[in-house]
Amino acid sequence: MKVAVFSTKGYDREFLQRANQQYRHELFFFEPHLTLETCSLGFGFPAVCVFVHDQLNGKVLPLLFEHGTRLIALRCAGFNNVDLISTQELGLKVVRVPAYSPQGVAEHTLALILALNRKIHRSYTRVREGNFSLEGLLGFELYGQTMGIIGTGKIGTTLARIMQGFGVRLLAYDPVPSPECQALGVQYVALEELFRQSDILSLHLPLMPETYHMIDRRVLGQMKPGVMIINTSRGGLVDTQALVDGLKSGKIGYLGLDVYEEEEDLFFEDLSGHVIQDDVFTRLLTFPNVIITGHQAFFTRNALENIAQVTLKNIADFEQGAVSAENEVTVSHLKTK
Ligand code: NAD
C-alpha cells in the first residue's frame, strides 16, 4: 500500500525500511509533522502513518479523507492527538502499536528515579570538573519507601514488577486493577490516599479530557512535602506551572519528566543554537532537583523494531480487510476502561 510517513527521522526510516523488506509497502517519508499546513503532502495516499506530535484534528482529517486517505496508522500507543469523533464520522480506520516498549518506558522511569535520588546528573558534571565534594549530593534509599503508581496497564505493571525488587511499598490507583499487580502485593487505594502516602509518584495513564491536569495545585497540596514526581506518560497530565510553584516552595523535592505539555515545539529537534521562548520550560531547567528527558523513554532498539513491524503489519492487515481488533483505536477508547 502507498503510505505517507510523517515526522520521520533517520532512525524511523532505517527501522521501517528494514521491516518493509517483508511487507513491500510503498513508503514515502516526510520530515514535517502532519498539520493543516503540511497535510497536502498526504493527499492521494490511502494510508497516512504518524507519530505523537502529528495533528489529526477535525480540520486535517476531512481533508485527508477527501483526498483518498482511509487509514491512519499510529507509530505509537497514545492516541490523544487523534480526533476519534472525526475519524468515526468520516469512516477512517485508526490503528496503533499498543505495546511496543512497556519494559523500555518502565526502565527509563527507574533511570529518572535513581538519577534524581542519587543526584547522578549533578555528580556527573562535578567530577568532570575535578570537584569531588559530596556536599549537596545526599540521597536516600529506595528500600522501604512508598511509591504510588497511577495507571497500572502495561507500563505501570512492568514498573511495579521492577520496583518490587527494590523493596518499595507499592500503592496504585487504576479504575481497572491489574491482577498481576494484585498478585505482586500492590495495594489499590483511593487517589487521595495515594497522594497522601507516596514518597514517589509515577504517572502511567493515558491523557484524556478527564485526566488533563490531574496533577494540579489542589492535588499537590495533598502530597507529602518533598515528594518525588515522575511523568513519563503525557505532558498534559500535569499542570506545569503548578509544578514550578511546587518546586519553588519545596513541596516537590524531585521532578523527573520525559514529557511536557508544550513539547511539540521542542522535543525531537536540535534547538541548541536557538533561544527557547517557552519561559515555563526554561524555568524548569534551572532547578537542581529536576531532570528532563525529551520523550525518549520509548527510544530503544527493541521498541523501534516492534514499532516498525507492528505498524507495517497493521497496514497490510487493513489492505486485506482484517484489522486487528486489539490494535484498532475507536471512540470507545475515549472512555476510562
Ligand atoms: P495501557 O493502556 O496499558 O495502561 C493505561 C492504564 O491507565 C490502564 O490500566 C487504564 O485503566 C488506566 N487508566 C485510565 N484512566 C485512568 C485514570 N483516570 N486514573 C488512573 N488510571 C487510569 O497503557 P500503557 O502502555 O501502560 O501506557 C501508559 C501511557 O504511557 C500511555 O498512555 C502513553 O501516553 C505513555 N507512553 C509514553 C511513552 C514515552 O516514550 N514516554 C511511550 C509509550 C507510552
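Small disclaimer: the values here were computed from a predicted structure and weren't measured. In this chain, numbering begins with 1 at the start of the sequence shown. Order of listing sets the numbers, starting from 1, for every ligand and every atom in it.
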Enquirer: Within the 4.5 Å heavy-atom criterion, are Leu255 and Met228 side-chain neighbours or not?
Expert: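 Heavy-atom side-chain distance check fails, nothing below 4.5 Å.
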Enquirer: Which of the numbered atoms in ligand 1 are below 4.0 angstrom from a heavy atom of Thr232?
Expert: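 Once the distances to Thr232 are compared, the set is 37 (C), 38 (C), 39 (C), 41 (N).
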Enquirer: Is the side chain of Asn314 donor-acceptor paired with the backbone N or O of Val95 at a distance under 3.5 Å, no angle test?
Expert: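 Side chain of Asn314 to backbone of Val95, a donor-acceptor pair under 3.5 Å: no, none is there.
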Enquirer: So, 4.0 Å and heavy atoms of Glu210: is ligand 1 close enough to count as a contact?
Expert: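 It does not, in that no heavy atom of Glu210 comes within the 4.0 Å cut-off of ligand 1.
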Enquirer: Check whether any side-chain heavy atom of Val94 sits under 4.5 Å from a side-chain heavy atom of Leu56, and report yes or no.
Expert: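 The answer is no; the side chains never approach within 4.5 Å.
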Enquirer: Please list, in number order, the atoms of ligand 1 under 4.0 Å from a heavy atom of Ile150.
Expert: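 Selected atoms, number and element: 20 (C).
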Enquirer: Any chance the rings of Phe268 and Phe299 have centres within less than 6.0 Å?
Expert: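 No - the distance between ring centres of Phe268 and Phe299 does not fall below the 6.0 Å cut-off.
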Enquirer: Could you check whether any heavy atom of Asp174 sits closer than 4.0 Å to an atom of ligand 1, since that is the contact criterion I want to use?
Expert: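 Contact check Asp174 vs ligand 1: positive.
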Enquirer: May I ask you to identify, for His204, whether its side chain, its backbone, both or neither come under 4.0 Å of ligand 1 on a heavy-atom basis?
Expert: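 Looking at His204 and ligand 1, just backbone atoms fall under 4.0 Å.
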Enquirer: Contact between ligand 1 and Phe299 is defined here as a heavy atom of the residue under 4.0 Å from a ligand atom; is it met?
Expert: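 Outside the 4.0 Å threshold, so no.
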Enquirer: Any idea which of Gly153, Gly78, Gly151 brings a heavy atom closest to atom 4 (O) of ligand 1?
Expert: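 The residue whose heavy atom sits nearest atom 4 (O) of ligand 1 is Gly153.
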Enquirer: Short list, please: which atoms of ligand 1 are under 4.0 Å from a heavy atom of Pro206?
Expert: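 Under 4.0 Å from Pro206, ligand 1 has these atoms: 5 (C), 7 (O), 13 (N), 14 (C), 32 (O).
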Enquirer: Is the shortest distance from a heavy atom of Ala297 to ligand 1 less than 4.0 Å?
Expert: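 In this structure, Ala297 qualifies as a contact of ligand 1 - some heavy atom is under 4.0 Å.
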Enquirer: Answer yes if the ring centres of Phe45 and Phe28 are under 6.0 angstrom apart, and no otherwise.
Expert: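 Between Phe28 and Phe45, which both carry aromatic rings, the centre distance is below 6.0 Å.
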Enquirer: For ligand 1, does His295 get within less than 4.0 Å through its side chain, its backbone, both, or neither, judged by non-hydrogen atoms?
Expert: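 The part of His295 near ligand 1 is the side chain, not the backbone.
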Enquirer: Looking at non-hydrogen atoms alone, which of Val52, Asn80, Val97, Val105 comes nearest to atom 42 (C) of ligand 1?
Expert: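 When every heavy atom of Val52, Asn80, Val97, Val105 is considered, Val105 comes closest to atom 42 (C) of ligand 1.
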Enquirer: Against heavy atoms of Phe298, which atoms of ligand 1 measure under 4.0 Å?
Expert: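 Going through ligand 1 atom by atom, the ones under 4.0 Å from Phe298 are 40 (O), 42 (C).
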Enquirer: Which option out of Arg234, His108, Lys154 puts a heavy atom nearest to atom 1 (P) of ligand 1?
Expert: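 Answer by nearest heavy atom: Lys154.
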Enquirer: Under 4.0 Å, heavy atoms only, figure out whether ligand 1 is touched by the backbone of Leu207, its side chain, both or neither.
Expert: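 Neither; no heavy atom under 4.0 Å.
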Enquirer: Measure up the His295 and Phe298 rings against each other and bin them: parallel (under 30°), tilted (30 to 60°), perpendicular (over 60°).
Expert: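 Perpendicular: the ring planes of His295 and Phe298 meet at over 60°.
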Enquirer: Does Pro175 come within less than 4.0 angstrom of ligand 1, counting non-hydrogen atoms of the residue?
Expert: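 The answer is yes: ligand 1 sits under 4.0 Å from a heavy atom of Pro175.
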Enquirer: Are there over 12 heavy-atom neighbours, none belonging to Lys313, within less than 6.0 Å of that residue's NZ?
Expert: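 Counting other residues, nucleotides and ligands, NZ of Lys313 stays at 12 neighbours or fewer.
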Enquirer: Counting heavy atoms only, which part of Tyr173 comes closer than 4.0 Å to ligand 1: side chain, backbone, both or neither?
Expert: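 Near ligand 1, Tyr173 shows its backbone as well as its side chain.
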Enquirer: Give a yes/no on ligand 1: does Ser233 have at least one heavy atom closer than 4.0 angstrom to it?
Expert: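 Heavy atoms of Ser233 do come under 4.0 Å of ligand 1.
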Enquirer: Which of the numbered atoms in ligand 1 are under 4.0 angstrom from any heavy atom belonging to Thr211?
Expert: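 Checking each atom against Thr211, I get 18 (N).
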Enquirer: Determine, using ring centers only, whether Tyr260 and Phe281 are less than 6.0 Å apart.
Expert: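 Phe281 vs Tyr260: aromatic centres under 6.0 Å.
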Enquirer: For ligand 1, does Asp258 get within less than 4.0 Å through its side chain, its backbone, both, or neither, judged by non-hydrogen atoms?
Expert: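 Asp258 to ligand 1: side-chain contact only, backbone stays beyond 4.0 Å.
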Enquirer: Taking the cut-offs as 6.0 angstrom to the six-membered ring centre and 45 degrees off its axis, would you call Arg70 and Phe318 a cation-pi pair?
Expert: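 That pair does not qualify as a cation-pi contact.
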Enquirer: Relative to ligand 1, is Ile155 under 4.0 angstrom through side chain, backbone, both or neither, heavy atoms considered?
Expert: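 The answer is both.
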Enquirer: Side-chain contact test, heavy atoms from C-beta onward, threshold under 4.5 Å: evaluate it for Phe6 versus Thr38 and give yes or no.
Expert: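 Sidechains of Thr38 and Phe6: in contact.
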Enquirer: Taking only residues two or more places apart in sequence or in another chain, which ones pass side chain to side chain donor-acceptor pair (under 3.5 Å) with Thr125?
Expert: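 Once residues adjacent in sequence are excluded, Thr125 has no partner under the side chain to side chain donor-acceptor pair (under 3.5 Å) criterion.
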Enquirer: Looking only at distance, does Ser101 have an N or O less than 3.5 Å from an N or O of ligand 1?
Expert: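 Checking ligand 1 against Ser101, no N or O pair falls under 3.5 Å apart.
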Enquirer: Taking only heavy atoms of Met208 into account, list the atoms of ligand 1 that are under 4.0 Å away from them.
Expert: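 Taking each heavy atom of Met208 in turn, ligand 1 has 15 (N) under 4.0 Å.
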Enquirer: Are more than 12 heavy atoms, taken from residues, nucleotides or ligands other than Glu180, located less than 6.0 Å from that residue's CD atom?
Expert: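 Correct, the count exceeds 12.
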Enquirer: Hey, is CZ on Arg161 packed in by over 12 heavy atoms from elsewhere, all under 6.0 Å?
Expert: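 Correct, the count exceeds 12.
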